[in-house]
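Notes to accompany the following structure.
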Amino acid sequence: MHNKNIKEIKQDLINKKYSVKELIQHFIDRIEKYDSKLNAMITFCKQEAIDQSKLITNIDTSTELHGIPLIHKDVICTKNVKTSCGSKMLDNFISPYNATIVDKMQNSGMIMLGKSNMDEFAMGSSTENSFYGVTANPWNLECVSGGSSGGSAALVAARLIPATTGTDTGGSIRQPAGFCGISGIKPTYGRVSRFGLIAYASSLDQAGPMAKSVEDLAYLLNSMAGYDPKDSTSINISVPNYLENLDKKLKGKKLGLPVKLLSDLDSSINQKIQQFIDELKKLGATIVEIDLPNAHLSVPTYYIVAPSECSSNLARFDGIRYGYRHPDPKNITEQYIKSRGYGFGDEVKRRIMLGTYTLSAGYYDAYYLKAQKIRRIIREDYQKAFENVDAVILPTTPTTAFKIGEKIDDPLSMYLSDIYTVGINLAGLPALSLPVGFINELPIGAQIIGKHFAEDTILNIGHQYQLVTDWHKKIPEEFN
Amino acid sequence: MEINDKTISKIAHLARLHLEDQEIHQHKDKLNSILNWVEQLKSVDTDNIEPLYHPLDDSIQPVRDDVITEKNNREELLTLSETHKSGLYLVPKVID
C-alpha cells in the first residue's frame, strides 16, 4: 500500500480492501523498519496514531483525505506534541496549540504519525544543521536529503509515509524534494496560513505539501490553503479546488525558459531539463525564451533579507518563558546570553549575527534597504516575464544531492545550492518541484513557477507531465 | 569592510549570544566571506526604486476589531517555563 497514491488508498479504504487501522500499522511498521537508516523522524506519535485509527470505522467519502497518514515538519506547532524546530533550544518544548494547517489537515481526517527532521530553525540546505543529526538521502545514504525539509522529503521518497508538510523560505520544500525525487509545492506567499509555524523570515516563509505525485499535492493543498484570520498576511481570496484543473490539456500553454540563466548549468542537468521541456512540448505547450536579468542577485539579496528577519524573529528565545534555559547564570543578561549561546547551533548563530549586523545603525541602508530594493527588481523581472507566459521552467538545484559533510564548513557554497529557488520566495510566487530524471542514480528535479495564486496552473502542468512519465514512481531499491 | 574580533563580540552581545573564543574566530572568517560576497549588490543601480518589504505589497492588509479572542491561558503557558512561582516567571535578581 505504500506505493499507492492518495486517490488509490482512498479507494481501497472505501472498498474495505484494508482498514484505516491496517493502513496506519503498515506505515508504522515501515518507519520502525527503515527510519534508523535515514534519521528522518524527530518524534514518532505511534500510539496516538493507532488510537486515532481505531476510531475510524467508516470512511467519510466526502472528505478527500479521511484516514490518510501524514507527518509534519517539526517547525510546525502540534498541540501536546514536542515541536523542536530541529534545535536544542526547543528540545523540551511541547506546543500548547496547533498550527492552523495542523487543525485543517486533522479536520480533513488525516492522521499524524509524527514530526520530521529538519535543519535547525529551517536554516540550511542539507539537514546537517539539525540538533538531532543529518537525514540521509534514501537514494544514497552517504548523501544529504537536502534541506531544510529534508526529513519530510526522505520519508516520502522511502515510502515511509504518503504525505508530509514542509516549509519553504528560500527553497526548503523544493530543494529536498528535488534531491529525494519527490514532488513538493511552495504556494504563493499568503496562500497558506503561517499561524503556528515557528518563524524564520516572515516575509518569505510559506508552508506547503510534499508527496509522491503532483496529484497528491493537489489533494493536500486543497486541505491546507485558505485565508486564516489568525495570520494577517494570509490573503482573503477564494481558493479553487486544485483537483478540477489537473486534467486540462497543455495545448496553448506558454512556458518561459530563461535561457541565459541556464548557460552555466551542468551539462548533464541541462540535458534533463531539455528532456523535460521536450516532453511538455509533446503535450502541446509552447516554449518561449525569457530573460530574468537579475536572477543572479537573488542569493546575496536573500542572505541579507532572511538573516535580518531571522535576527528579529529569534529574539523571542530568551531562555525564560519556554525553551532551553542555561542552568547557572550570574545575572539576567547572562541568563539570556548563555541560554541563547548554548541553545542555538552554529548556522543559526551565524544568521542571527549577520542579521544583527545588516540591521545595525550605519549599515541598515547599505545592506537591508539596498537588498529590499533589489528584491523589487527581482520581482519585476518575473512580472515582466509573466506578461507573455503562463509559467516559468527552471531546474530545482544546480547539482544532485551532495555528500554528507561536503559543504558543512563552507556556508557560501551551501547557500549557492539554493540559486534557482530563493528568487521565487523573494517575489512571493508559487513554485512546484517534480522529479525529471536521474544522474548517477540520484534524482534531479525541475521547477514550474506560476503567477501569484496560480497554483492550479502549475499543478496542472506537473500532473500532465507525470501522466506520461514515471520518474515520480521510482523507488529507492533499499526501501522497496 | 572587514569585521574584526571586536566587532564580532559586539554583534554577539547585541544579539545576546554567548560565543567561545574559538567561535569568535570561526564566525569572523565566515561572516567576512559572506559580507564580501554580498558586496556585489552595491554595484546595482537602485535609484528611484522603492524597497519591497512584502512580496504582495499591493494587497490589502486586513485589520480586525480590537477585541479579545483568546481565552486567558496563563497557567498553561507558565508550565512551559522551567521555573515559575505564584503565576510569575523566576529570573536572576535584577535590582539589588
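Chain A is the first sequence line, chain B the second, and so forth, proteins listed ahead of strands; every chain is numbered from 1. Here the structure is a predicted model, which means the values were calculated and not measured.
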Revision key, fill the gap. Max heavy-atom pairs within cutoff under 4.5 Å with chain A, candidates B:Leu14, B:Val94, B:Leu77, B:Leu56, goes to B:Leu56
Practice item. Spell out, as yes or no, whether a donor-acceptor pair under 3.5 Å connects the side chain of B:Arg64 to the backbone of A:Ser232. Key: no
Check your understanding: Which answer fits A:Ser360, side chain, backbone, both or neither, if we ask what part of it has an atom under 4.5 Å from a heavy atom of chain B?
Key -> neither
Point to revise | B:Arg16 (side chain) donor-acceptor with A:Arg340 (main chain) under 3.5 angstrom | key: no
**Study point:** Option that, when pairs with chain B are counted at under 4.5 Å, heavy atom only, ranks first among A:Ile320, A:Asn331, A:Ile352
**Key:** A:Ile320
Point to revise | Interface residue of largest heavy-atom contact number with chain B, from A:Thr356, A:Ile378, A:Leu426, under 4.5 Å | key: A:Thr356
Point to revise | Minimum heavy-atom distance A:Tyr302-A:Thr169, with the two atoms named | key: CE1-O, 3.3 Å
Check your understanding: So which part of A:Leu416 gets closer than 4.5 Å to some heavy atom of chain B, the side chain, the backbone, both or neither?
Key -> side chain
Review point. Checking heavy atoms, do the side chain of B:Asn73, its backbone, both or neither come under 4.5 Å from chain A?
Key: neither
Practice item. State whether A:Lys82 and A:Asp91 are salt-bridged, where the test is any N-O pair (Lys NZ or Arg NE/NH1/NH2 against Asp/Glu carboxylate O) under 4.0 Å. Key: yes
Check your understanding: Any idea which of A:Glu380, A:Lys349, A:Lys373 has the most non-hydrogen atom pairs under 4.5 angstrom with chain B?
Key -> A:Lys373
Study note, to complete from the structure: Answer key: most heavy-atom pairs under 4.5 Å with chain A among B:Lys30, B:Glu20, B:Glu23, B:Glu76 is B:Lys30
Review point. Quick check: does any side chain N or O of A:Asp381 sit under 3.5 Å from a backbone N or O of A:Asn294, one acting as donor and the other as acceptor?
Key: yes
Check your understanding: Side chain, backbone, both or neither: which part of A:Ile304 has a heavy atom under 4.5 Å from chain B?
Key -> side chain
Exercise for review: Would you check if the distance from the ring center of A:Phe317 to the ring center of A:Phe121 is below 6.0 Å?
Suggested key: yes
Practice item. Side chain from CB out, backbone as N, CA, C, O: work out which of these in A:Leu412 comes under 4.5 Å of a heavy atom of chain B, or both, or neither. Key: side chain
Practice item. Check each atom of B:Glu50 against the heavy atoms of chain A and say whether the ones under 4.5 Å are side chain, backbone, both or neither. Key: both
Point to revise | Region of A:Pro96 in contact with chain B, defined by heavy-atom distances below 4.5 Å | key: both
Review point. Can you say whether the rings of A:His326 and A:Tyr324 are parallel (under 30°), tilted (30 to 60°) or perpendicular (over 60°)?
Key: perpendicular
Practice item. Quick one: which of B:Leu41, B:Val38, B:Ile11, B:Val91 has the most heavy-atom pairs under 4.5 Å with chain A, could you say? Key: B:Leu41
Exercise for review: Sort A:Arg379 into side chain, backbone, both or neither according to what part of it lies under 4.5 angstrom from a heavy atom of chain B.
Suggested key: side chain
Check your understanding: Quick one: of A:Phe344, A:Tyr415, A:Tyr189, who has the most non-hydrogen atom pairs under 4.5 Å with chain B?
Key -> A:Tyr189
Study note, to complete from the structure: Between B:His13 and A:Ile337 the two heavy atoms that sit nearest each other are ND1-CD1, 3.7 Å
Check your understanding: Looking at A:Gln372, A:Lys330, A:Lys230, which makes the most heavy-atom pairs under 4.5 Å with chain B?
Key -> A:Gln372
Exercise for review: Select one option (side chain, backbone, both, neither) describing which atoms of A:Val299 are under 4.5 Å from chain B's heavy atoms.
Suggested key: both
Check your understanding: Is it the backbone or the side chain of B:Ile49 that comes under 4.5 Å from a heavy atom of chain A, or both, or neither?
Key -> both
Exercise for review: Answer yes or no: is there an ion pair linking B:Asp57 with A:Arg376, defined by an N-O contact shorter than 4.0 Å?
Suggested key: yes
Study note, to complete from the structure: In terms of heavy-atom pairs under 4.5 Å with chain A, the winner among B:Thr79, B:Leu90, B:Thr83 is B:Thr83
Revision key, fill the gap. So, the part of B:Tyr53 with a heavy atom under 4.5 Å from chain A: the answer is both
Check your understanding: Any donor-acceptor pair under 3.5 Å linking the side chain of B:Gln40 with the backbone of A:Leu297?
Key -> no
Practice item. Heavy-atom distances under 4.5 Å only: say whether A:Tyr97 touches chain B with side chain, backbone, both or neither. Key: neither
Point to revise | Engaged part of A:Asp346 at the chain B interface, taking heavy atoms whose separation is under 4.5 Å | key: both
Review point. Of the backbone (N, CA, C, O) and the side chain (C-beta and beyond), which part of A:Tyr382 lies under 4.5 Å from a heavy atom of chain B, both, or neither?
Key: neither
**Study point:** Nearest non-hydrogen partners of A:Thr233 and A:Arg194, listed with the distance
**Key:** OG1-NH2, 2.9 Å
Check your understanding: Which bit of B:Lys10 comes within less than 4.5 Å of chain A, counting heavy atoms only: side chain, backbone, both or neither?
Key -> neither
**Study point:** Smallest separation among heavy atoms of A:Gly319 and A:Gln335, with atom names
**Key:** O-NE2, 4.1 Å
Revision key, fill the gap. Note: B:Glu70 and B:Ile68 closest approach over all heavy atoms is O-CG2, 3.3 Å
Review point. For A:Pro187 and A:Ala207, which heavy atoms make the closest approach, and how far apart are they?
Key: CD-O, 3.1 Å
Check your understanding: When you measure from the side chain of A:Ser87 to the backbone N and O of A:Ser84, does any donor-acceptor pair fall under 3.5 Å?
Key -> no
Practice item. For chain B, find which of A:Asp410, A:Ile377, A:Ile94 contributes the most heavy-atom pairs closer than 4.5 angstrom. Key: A:Ile377
Practice item. Pick one of side chain, backbone, both or neither for A:Leu429, based on which atoms fall under 4.5 Å of a heavy atom in chain B. Key: neither
